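Report on the following structure.
Quick caveat, the model's predicted, so the values are computed rather than measured.
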Amino acid sequence: MPVEFLGIGGTNDGSETSPRSGASFDKQYALRLARAHQEYGWDRVLFAHGSGSPDPAQVAAYVATRVEDLQILLAHRPNVSYPTYALKTFATLDQISDGRLTVHFITGGNDREQGREGDVLTKDERYSRTREYIQIVKEGWTSREPFDHEGEHYSFKDFVSDVFPVQQPRPRVSFGGSSEAAYAAGGAEADIYCLWGEPLAETAQQIASVKQAASRAGRSDVPKFQVAFRPIIAPTEELAWEKAHRILDDLHRVGANRRRLSGPPQNAGSQRLLGVAAKGERHDRALWTPTAAATGGAGNSTALVGTPETVAEALLDYYDLGVEILSARGYDILDDAIDFGRHVIPLVREGVAERDRQRAARARLSPVAP
C-alpha cells in the first residue's frame with residue numbers, strides 16, 4: 001500500500017508561534033516553501049482557505065506554473081461560489097497544473113468564520129449543501145452533454161462546461177469532519193477522508209465510522225484516509241521535548257488573545273481534540289496534546305514529539321491502521337518542512353517498503369487455492 005505526504009503551501013512565514021514578517025501573500029516565500037517540499041520528498045501541498053486569506057486557487061495556479069511535479073490540494077468552501085462556476089475553476093487549475101489537482105471541500109465548523117462570508121446555514125445544512133455541491137462538481141467534470149439540477153440548495157438547467165480536467169475521469173475529492181453528518185457526506189462522496197491526529201484507538205474508530213457510512217451509501221469501495229499532525233523533531237528525545245515545551249510556551253504567549261476572542265469550538269473535530277487532551281498529555285508512542293489544548297483544538301494541532309526515528313515509527317503505526325496519506329506541518333514552516341522531509345519521510349518510506357516486502361513474502365508462502 002503506497003504512502004503519500006502532504007505539506008502546507010503557505011503564503012507567508014507566519015505561524016501560531018510567531019507573526020509573519022511581511023505581506024499576507026509573499027510570492028517569493030510561497031515559491032521557496034513549495035520548492036522545499038518538492039526537493040525533500042513531499043508529494044503534495046495544501047493551499048488553505050480562510051475568510052480573509054489570499055485566494056488559494058490563484059496562489060495554487062501561481063505555484064503550479066513554477067514548481068513542477070508537486071501535487072496540489074486546493075481547499076474550497078462551498079459557500080463562496082456557485083458549483084458550476086467552481087468546477088470550471090478547478091478544471092482550469094487541473095489544466096494549468098497538467099493534472100496535479102485534488103480538491104478539498106471544507107464544510108465549515110465555526111458559525112462566526114462562515115458568517116464573515118455571508119454563510120448563515122446550520123452545520124447539518126452545510127453538510128447537506130457540501131454533499132450536493134460535490135455531486136454537481138463531479139457531474140460537471142465528467143458530463144459532455146448539458147444537464148439540469150434541481151436540489152435542496154442549487155437549481156439550474158442546461159449547463160455544460162467547456163473546460164475539463166486533465167485527469168480522467170476526474171480529479172480526486174478530499175473531505176474532512178468528525179460528526180455523524182460528516183461521516184455520512186464524506187463516506188458517500190470523498191475519495192480521501194481527512195482526520196486530525198487522535199490516538200490510535202480513536203482514529204481506528206473514526207475510520208470504521210467512515211467505512212460504515214460508505215457502505216450505507218452503497219459504495220463498493222472506501223475513501224483513502226489521511227491524518228494530520230504537527231511533528232516536533234530533534235536529534236535526541238531530550239532535545240525534542242525541550243523544543244516541544246518552547247513551542248508550547250510560544251503558543252500560550254502568542255495565542256492567548258486569539259483564543260479569548262474565538263470562544264469554545266463548535267465543530268466536532270476540535271471538540272474531540274480537546275477531549276483527548278483532557279484525558280492526558282501523552283498517548284501511544286509519541287502523540288502530545290498540549291499544543292491542541294493551547295490553541296483551543298484549532299485545526300491540525302496535535303503533535304508527534306521525538307527523534308526522527310520515533311516520529312517515523314509513530315506515523316507507521318497510523319499507516320498500519322490503513323492511513324495512506326500523512327499530513328504534517330511544523331511551527332517554523334519552511335525549516336520544519338525541510339527537516340521532516342530530510343529526516344522523517346525516508347524512514348517512513350523505508351518502513352512501508354519493508355511491510356510491502358513482508359506482505360509479498362507471506363503471499364508467496366501461502367497455499368494457492370485450487
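Rounding to the nearest 0.5 angstrom, the gap separating the CG atom in Leu326 from the CD atom in Glu4 is 9.5 Å. Taking CZ of Arg359 as the reference point, atom CZ of Arg357 lies at 11.5 Å (rounded to 0.5 Å). Summarising the geometry, atom CG belonging to Leu6 is positioned 7.5 Å from atom CD1 belonging to Ile325; distances are rounded to the nearest 0.5 Å. Interatomic distance, CH2 of Trp196 versus CG of Leu273, reported as 6.5 Å (0.5 Å rounding). Interatomic distance, Arg342 CZ to Ile233 CD1, rounded to the nearest 0.5 Å: 10.0 Å. In this structure, the separation between OG on Ser18 and CD1 on Ile333 is 8.0 Å, given to the nearest 0.5 Å.
Side-chain atoms of Gln135 and His149 include no donor-acceptor pair closer than 3.5 Å. Between the side chains of Ser128 and Glu152, at least one donor N or O sits under 3.5 Å from an acceptor N or O. Side-chain atoms of Ser301 and Thr291 form no donor-acceptor pair, as typed in the model, at a separation below 3.5 Å. For the residue pair Thr92 and Thr89, no side-chain donor N or O sits within less than 3.5 Å of a side-chain acceptor on the partner. Side chains of Glu281 and Thr289: no donor on one and acceptor on the other come within 3.5 Å. Side-chain contact of Glu202 with Gln206: a donor-acceptor pair under 3.5 Å is absent, judged by distance alone.
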Quick one: do Phe159 and Leu87 satisfy side chain to side chain contact (heavy atoms under 4.5 Å, CB included)? Show the steps, please. CA-CA 12 Å; Phe159 174 80; Leu87 70 87; 4.0 Å; yes

After noting the C-alpha distance and the side-chain angles of Glu150 and Ser155, does the key distance pass the side chain to side chain donor-acceptor pair (under 3.5 Å) rule? CA-CA 5 Å; Glu150 189 68 40; Ser155 177; 2.7 Å; yes

With salt bridge (charged side-chain N to carboxylate O under 4.0 Å, His left out) as the criterion, how do Arg170 and Asp191 come out once you've worked through the C-alpha distance, each side chain's angles and the decisive distance to 0.1 Å? CA-CA 11 Å; Arg170 58 173 177 79; Asp191 302 301; 2.8 Å; yes

Pair Ile247, Leu251 - check side chain to side chain contact (heavy atoms under 4.5 Å, CB included), show working. CA-CA 6 Å; Ile247 288 170; Leu251 287 173; 4.2 Å; yes

Check step by step if ring pair (Phe, Tyr, Trp, His ring centres under 6.0 Å) holds for His76 and Tyr133. CA-CA 11 Å; His76 180 79; Tyr133 199 99; 5.6 Å; yes

Run the side chain to side chain donor-acceptor pair (under 3.5 Å) check on Thr107 and Thr130 step by step: do they pass? CA-CA 6 Å; Thr107 299; Thr130 301; 3.0 Å; yes

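The shortest non-hydrogen separation linking Asp158 to Pro146 is OD1-CB, 3.1 Å. Pairing each heavy atom of Ala181 with each of Tyr127, the nearest pair is CB-CD1, 3.7 Å. The shortest heavy-atom contact between Leu33 and Gly10 is CD2-N, 3.2 Å. Of all non-hydrogen atoms in Ala190 and Phe175, the two that sit nearest each other are CB-CB, 3.7 Å. Of all the heavy atoms in Ala240 and Val305, the pair that sits closest is O-CG1, 3.8 Å. Closest heavy-atom contact between Asp13 and Gly22: OD1-N, 4.5 Å.
Distance alone, capped at 3.5 Å, is enough to place a donor-acceptor pair between the Ser270 side chain and the Gly297 backbone. In this structure a side-chain-to-backbone donor-acceptor pair under 3.5 Å is present from Thr203 to Glu198. With hydrogens and angles ignored, the 3.5 Å screen pairs a side-chain donor or acceptor of Arg219 with a backbone N or O of Gly187. Here the side chain of Gln226 pairs no donor or acceptor atom with the backbone of Ile192 at under 3.5 angstrom. Under a 3.5 Å cut-off, the side chain of Asp26 and the backbone N or O of Asn12 do not form any donor-acceptor pair. Checking side-chain atoms of Thr295 against main-chain N and O of Ala292 turns up a donor-acceptor pair under 3.5 Å. Between the side chain of Thr65 and the main chain of Tyr62, a donor-acceptor pair closer than 3.5 Å is present. No side-chain donor-acceptor contact under 3.5 Å links Glu309 to the backbone of Gly306. Side-chain atoms of Arg172 do not come within 3.5 Å of backbone N or O of His104 as any donor-acceptor pair. Asp284 contributes no side-chain N or O that, together with a main-chain N or O of Leu287, makes up a donor-acceptor pair within less than 3.5 Å.
At most 12 non-hydrogen atoms from other residues, nucleotides or ligands lie less than 6.0 angstrom from CD of Glu350. Residue-environment remark: CZ (Phe156) exceeds the threshold of 12 foreign heavy atoms within 6.0 Å. Surrounding CZ of Arg32 are at most 12 heavy atoms belonging to other residues, nucleotides or ligands under 6.0 Å away. Residue Glu238 places its CD atom among 12 or fewer non-hydrogen atoms of other residues, nucleotides or ligands, all under 6.0 Å distant. Heavy-atom neighbours of Gln58 CD from other residues, nucleotides or ligands within 6.0 Å: at or below the threshold of 12. Around atom CD of Glu237, more than 12 heavy atoms belonging to other residues, nucleotides or ligands sit under 6.0 Å away.
Using a 4.5 Å cut-off on side-chain heavy atoms (C-beta onward), Val137 and Val103 make no contact. Under the 4.5 Å side-chain criterion, counting only non-hydrogen atoms from C-beta, Tyr193 is not in contact with Ser174. Asp94 has its side chain within reach of Gln167: a pair of non-hydrogen atoms, C-beta onward, lies under 4.5 Å apart. The side-chain heavy atoms of Ile136 and Glu139, taken from C-beta on, include no pair separated by under 4.5 Å. The shortest distance between side-chain heavy atoms of Glu16 and Val254 does not fall below 4.5 Å. Side-chain atoms of Trp141 and Val173, non-hydrogen and from C-beta on, do get closer than 4.5 Å to each other. In this structure the side chain of Arg35 reaches within 4.5 angstrom of the side chain of Arg66, judged on heavy atoms. Between Leu101 and Gln71, the closest side-chain pair of non-hydrogen atoms is not below 4.5 Å.
For Phe225 and Tyr318, the ring centers are positioned 6.0 Å apart or more. Aromatic pair Tyr40/Phe340: centroids not less than 6.0 angstrom apart. If you look at His37 and Phe5, their ring centroids are not closer than 6.0 Å.
Arg355 and Asp320 are joined by a salt bridge, as a carboxylate oxygen and a charged side-chain nitrogen come within less than 4.0 angstrom of each other. Using a 4.0 Å cut-off between a side-chain N of Lys or Arg and a carboxylate O of Asp or Glu, Asp249 and Arg246 do not qualify as a salt bridge. Using a 4.0 Å cut-off between a side-chain N of Lys or Arg and a carboxylate O of Asp or Glu, Asp336 and Arg329 do not qualify as a salt bridge. A salt bridge is absent between Glu132 and Arg129: the closest approach of a Lys/Arg side-chain nitrogen to an acidic carboxylate oxygen does not fall below 4.0 angstrom.
Because its NZ or CZ atom is both nearer than 6.0 Å to the ring centre of Phe164 and within 45° of the ring axis, Arg144 counts as a cation-pi partner of that residue. Note that Arg230 lies in the cation-pi zone of Tyr331, set by a 6.0 Å cut-off to the ring centre and a 45° limit from the axis.
By the criterion of side-chain heavy atoms lying less than 4.5 angstrom apart, applied directly or through intervening Ile, Leu, Val, Met, Phe, Trp or Tyr residues, Val352 is grouped together with Val311 in one hydrophobic cluster.
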